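Chain naming here is simple, since letters A, B, ... match the order of the sequence lines and numbering starts at 1 in each. Just so it is clear, the model here is predicted, and its values are computed rather than measured.
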Amino acid sequence: MARYEPKITEPRQQARWAEADAFSVSNEDTGRPKYYVLEMFPYPSGNIHMGHARNYVMGDVIARWKRAQGFDVLHPMGWDAFGMPAENAAMERGVHPGDWTYANIETMRGQLKLLGLSLDWSREIATCDPEYYGQQQGWFLELYKRGLVYRKEGTVNWDPVDNTVLANEQVIDGRGWRSGALVEKRKLTQWFLRITDYADDLIDGLKDLEGRWPDKVRLMQENWIGRSKGLQMKWAFAGTAPAGFEDGVEIYTTRPDTFYGASFLGLAPDHAISKQLADADPRVAEFVAECRKGGASQAEIEQAEKIGWDTGLKAIHPFTGEEVPVWIANFILSEYGTGAIFACPAHDQRDLDFARKYNLPVKAVVRPAEADDSFTVDTEAYTGPGVLFNSDFMNGMEIEEAKAAAIAKIEAAGTGKGATIYRLRDWGVSRQRYWGCPIPVIHCEDCGVVPVPSDQLPVELPHDVTFDVPGNPLDRHATWKHVNCPTCAKPARRETDTLDTFVDSSWYFARFTDPKAATPINPAAAAKWLPVDQYIGGVEHAVLHLLYARFITRALSDVGLMDVKEPFAGLFTQGMVVHETYYEGHEDSGKPRWVEPSDVQIEHVDGKRVARRLSNGAEITIGDIEKMSKSKKNVVAPADIIATHGVDAGRLFVLSDSPPERDVQWSAGGVEGASRFVQRAWAEFDAFDASAPANADVDASLIRETHKTIKAVSEGVEHFRFNSAIAKLYAFLGVLKDHAKAGGEAKKTALSVLARLVAPFTPHLAEEGWTRLGLDGMVLDAEWPQFDAALAADDQVIMPVQIGGKRRGEVQMPRGADNADVEAAALANATVKAYLEANNLTVRKVIVVPDRIVNLVAN
RNA sequence: GCGAGCGUGGCGAAAUUGGUAGACGCAACAGACUUAAAAUCUGUCGACUUCGGUCUUGCGGGUUCGAUUCCCGCCGCUCGCACCA
């Protein structure tokens, strides 16, 4: 028997698919239902790694499976091609970012094609292509016209390593999401997109995604948007008010029920009043400066002590008329709410810590239902449910009731009103970088901000730029920014900021529906294909890309460019590919020398795993299992696996070992197991003998097993349980082996089912098997097999007999047997009888779960 | 601190309306084939056992005829947010 040679068969089948142009899909109506499956497109960093491979293979399984079910499947691929690494390469190696990017795309496209993915390459796009970003500039100006884009001076997050501004979503633990540098605050005039206009809709829309998006991602978005309902109101000052605050100071609270526990007013150090006082008094200025010192990292915030400054100002309590002091406090954020609060120490831990430190009053106004009015608070604020007391008109009310009453009273007085505020900030999209989409506006001294006329789009990046000094190459380019104003023709200045690359990826899925359209989006094509039915990618984009894309989809629909609300009807977040690490030296000493897996051999000594370097035999340390990364050298390249085991084995392994949402641990043994599967499956196809006679007994059993397998694999694929589906396929191979004597139609059907069921996972093997069976055409065009429910279940079932919940015997019964018959059989069972007698038990009750189990309750 | 998820053999894991715990794979061990090794094939593979059984899904309780699954309380790990009023 010939060994299966992936090196020969895989290129052969890929050539057949290419010859047939099998994966190009038309926008014409075919009468078939549509299905759009998309994986998050890659940044062209240089190589396709195992993480990419797992992601795209998952998408390919879905795409091939849906195709077999008769759908028109759109499965495109492109490149998220703008971004900092290209500029870093330019700085380090003197190559042009564009040249570097396009060379990487070339390499990676070749690597992707090796994977045998059912991709429609005719729709390929790269976001750095002027054809793409020019259309992006087009819709950007549409949003500008509608007021969804604006420019303002504000405090922004400045990444001192990448020399650019970052959006809030891109700052993690106070550090740049890409560079890891500590982010600084700077005042700059920047472009913003009004994502906050959509805050409510973005939260409310999450409900419709229930069941199709992971709960975790929906929750993260909800928390990120951070909607809270409360009261915004002014507190008047007693005596002289700060200039401009004669009406009082505006505060925000979610706990208006605790008004009577108010102890002081707190202002953020950046609040306008704080600044005014700081300008007048150097001691205040010094205090404010002190507040700014604390960093933004976790540890620093946890340790940061609450500090305050008594301004000497007094504010008037809106209900009691009493005067309360006004403090500047470091724990109050200027960016949230109004940057000012009223503090109720008894029911807020931060306020309490502060009040205890500065000896401010602590008055409890909410008590647990079971406590009485003597309830007080010591060092722990009471934030639980309860009843109001010490609160005049609110006494006896529950918290929610009291909130409503307090808001109503303030609204009646006209000093404030109920308000909903959000944690979400508008999206700052200006980047002071070269390799991005130019913001298509011109600054004219006379006319102000002037959009570039549409007939002058795209605004293309200049090619001749230098990276020898820090800063924005566009800004220092000799000629590019000097243009004449489109309105008055006077000399003017082109905007030199480029757009955040997350803008590029916020609409690419729509562009894929007609990537050559003369407008950003072809409405008919978008209507045909959108939303994306199944989107697959990493969970790290839960509040970045996935939130931005939902926003842009809504915005583009609102300006009439398409008509879609949610871009991704279904989302799946897949786990990473991880690998053991190996090193010489001590990790603790800071200088581990990482060793590549290809240079490592694992031995078993006294039952323990010991690693040795192949090259010199030295014993080395086995480190943690971590995400594959170049820095730790625990990388296995897809191309190497393909060369040694073939694509199909690699595809099978990344899906077989762990549930798709969990990390999968790459192992040499694991992929060898997958490779064995491919060989064994081929052996079954290859052993097929069309002339072998039918064999009634064996065939009947094989038919049953075949239908069971169809059922299990179909359900596994449907519910993203690829590992379970593959386990069933392994088991089916065992069945085929056990039924070696089967013949005739039953055998042929079983094998043709095997070919179709493995096709999403190991498509090349499937085609080879299909051809070997003498079947026409390609598996690719074959229908997904259907199972017969009656045949997918055994006609005889083994039912365990439990006594008191412990298994004591079993009876074999026909499927669907009457409970009475089952009970009789169980009681008549010799083993069961013997046990009952030996333990002197009498059966009191019998529970029969049809086709499952019998439980005898006895004593 | 707040929120969410997870915890099952030596390892990755199955067991989705409460019904035979450990499917399938890896590793390991034994055997066959081989001059030998690899590959391949066959078998064993949760723990203890007086071979009758007993115990076993992080720990402790509870509900139930029956719990990996539901409830309560701990312990541990992972992820997200983090002074958000």
Side-chain angles (χ1 to χ4, degrees), chain A residues 3 172-174 214-217 219-224 226 228 230-231 251-255 258 266 268 294 296-298 301-302 304 306 329-333 335-344 347-351 353-354 421-424 539-540 542-543 602 604 607-609 625 652-653 656-659 661-674 676-677 679-680 683 712 715 719 721 723-734 737 797-807 810 838 844-858:
Chain A
R3 199 185 142 77
I172 294 154
D173 289 345
D215 291 345
K216 178 186 163 129
V217 174
L219 189 66
M220 280 167 72
Q221 291 211 353
E222 191 177 330
N223 290 340
W224 186 263
S228 61
L231 168 69
I251 60 100
Y252 178 78
T253 182
T254 55
R255 292 297 301 272
T258 63
S297 75
Q298 294 179 25
I301 287 172
E302 268 165 28
K306 296 204 167 27
N330 65 335
F331 68 92
I332 298 165
L333 306 172
E335 317 92 69
Y336 188 76
T338 60
I341 61 161
F342 87 76
C344 175
H347 305 294
D348 183 288
Q349 192 61 46
R350 294 155 302 173
D351 297 351
D353 293 344
F354 190 87
I421 66 163
Y422 304 89
R423 209 188 81 113
L424 185 71
V539 72
E540 66 274 17
V543 288
I602 303 290
H604 289 261
K608 283 193 176 171
R609 297 174 72 239
I625 296 162
L652 194 64
F653 176 63
S656 69
D657 228 30
S658 294
E661 69 277 10
R662 233 180 279 180
D663 292 350
V664 65
Q665 191 185 337
W666 185 270
S667 70
V671 73
E672 280 158 24
R676 274 194 285 275
F677 174 89
Q679 290 294 339
R680 288 172 53 201
E715 287 171 358
H719 296 109
R721 294 195 294 256
N723 55 326
S724 294
I726 291 168
K728 294 293 180 197
L729 289 168
Y730 272 94
F732 190 49
L733 269 194
K737 194 154 207 162
V797 289
I798 305 276
M799 296 178 69
V801 181
Q802 295 183 333
I803 298 172
K806 296 220 179 282
R807 190 178 190 276
E810 62 183 37
R844 303 290 175 195
K845 192 178 171 190
V846 180
I847 291 152
V848 177
V849 182
D851 296 333
R852 288 280 196 172
I853 204 165
V854 188
N855 194 10
L856 308 180
V857 184

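- Pairing partner, B:rC70: B:rG62, with both Watson-Crick or wobble hydrogen-bond distances short of 3.5 Å.
- A:Lys216 NZ to A:Glu661 CD: the interatomic distance, rounded to the nearest 0.5 Å, is 11.0 Å.
- Between the CG atom of A:Asp215 and the C1' atom of B:rC79 there is a distance of 15 Å, given to the nearest Å.
- Atom CD of A:Gln665 and atom CD1 of A:Ile625 lie 3.5 Å apart (nearest 0.5 Å).
- If you check B:rA82 for Watson-Crick or wobble pairing at under 3.5 angstrom, you find it has no partner at all.
- When heavy atoms are screened at a 4.0 angstrom cut-off, A:Leu856 is found touching no nucleic acid atom at all.
- Across the P atoms, B:rA14 and B:rA23 are found 13 Å apart, a figure rounded to whole Å.
- The side chain of A:Trp224 sits closest to B:rA82 out of B:rC83, B:rG80, B:rA82.
- For A:Phe677, the ring-ring contact (aromatic ring centres under 6.0 Å, His included) test picks out A:Tyr730, with sequence neighbours left out.
- Comparing B:rC26 with B:rU64, their C1' atoms sit 38 Å apart, to the nearest whole Å.
- B:rC55 sits 13 Å from B:rA21 when the P atoms are compared, rounded to a whole Å.
- B:rC6 and B:rG76 make up a base pair, with Watson-Crick or G-U wobble contacts both under 3.5 Å.
- Seen from the ring of A:Phe354, A:Lys306 does not count as a face-on cation partner, given the 6.0 Å and 45° thresholds.
- Across all strands shown, A:Arg844 has no heavy atoms under 4.0 Å from either base or sugar-phosphate atoms.
- Pairing each heavy atom of A:Ser658 with each of A:Val664, the nearest pair is OG-CA, 3.8 Å.
- Of all the heavy atoms in A:Ala268 and A:Ile332, the pair that sits closest is CB-O, 3.3 Å.
- Between the CE atom in A:Met799 and the CZ atom in A:Arg852 there is a gap of 10.0 Å [rounded to 0.5 Å].
- Here, B:rA67 and B:rU20 have their P atoms 12 Å apart, quoted to the whole Å.
- Checking A:Val857 against A:Phe342, the closest nucleotide of RNA chain B that is more toward the 5' end is the one next to A:Val857.
- With P as the reference atom, B:rG61 and B:rU56 are 11 Å apart, rounded to whole Å.
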I'd like a list of close polar pairs between nucleotides 49-59 of chain B and the protein, N/O only, cut-off under 3.5 Å.
| from | atom 1 | to | atom 2 | distance (Å) |
| --- | --- | --- | --- | --- |
| B:rU54 | OP1 | A:Arg808 | NH1 | 3.4 |

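- Between B:rG5 and B:rG53, the two P atoms lie 42 Å apart (nearest whole Å).
- With rounding to the nearest 0.5 Å, the separation of CD1 in A:Ile251 from CD1 in A:Ile341 is 8.5 Å.
- If you take CD1 on A:Ile421 and OG on A:Ser228, they are separated by 4.5 Å, rounding to the nearest 0.5 Å.
- Atom P of nucleotide B:rG80 and atom CZ of A:Arg423 are separated by 14 Å, given to the nearest angstrom.
- Its glycosidic angle being more than 90° from 0, B:rG31 falls on the anti side.
- Taken from CG in A:Leu333 to OG1 in A:Thr338, the straight-line distance is 11.5 Å, to the nearest 0.5 Å.
- Straight-line distance from the CD1 atom of A:Ile341 to the C1' atom of B:rC83: 10 Å, rounded to whole Å.
- Between A:Asp353 atom CG and B:rA85 atom P there is a gap of 16 Å when expressed in whole angstrom units.
- A heavy-atom distance below 4.5 Å is not found between the side chains of A:Asp657 and A:Trp666.
- Counting only heavy atoms from C-beta on, A:Met220 has its side chain closest to B:rG80 among B:rG80, B:rA85, B:rC84.
- If you take atom C1' in B:rA15 and the same atom in B:rA27, they sit 23 Å apart, rounded to whole Å.
- Between the P atoms of B:rA13 and B:rG7, the separation comes to 10 Å (whole Å).
- With its glycosidic angle within 90° of 0, B:rG52 adopts the syn conformation.
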Practice prompt. Could you run through nucleotides 3-29 of chain B and give me one letter per nucleotide, 5' to 3': B if any protein heavy atom sits under 4.0 Å from the base, S if only the sugar-phosphate is that close, - if neither?
Written response: SS-------BSS----BB--BSSSSS-
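- Separating the NZ atom of A:Lys306 from the P atom of B:rA85 is a distance of 14 Å, rounded to the nearest angstrom.
- In a base pair of the Watson-Crick type (N1 to N3 plus N6-O4 or O6-N4) or a G-U wobble (N1-O2 and O6-N3), with each distance short of 3.5 Å, B:rA28 is matched with B:rU44.
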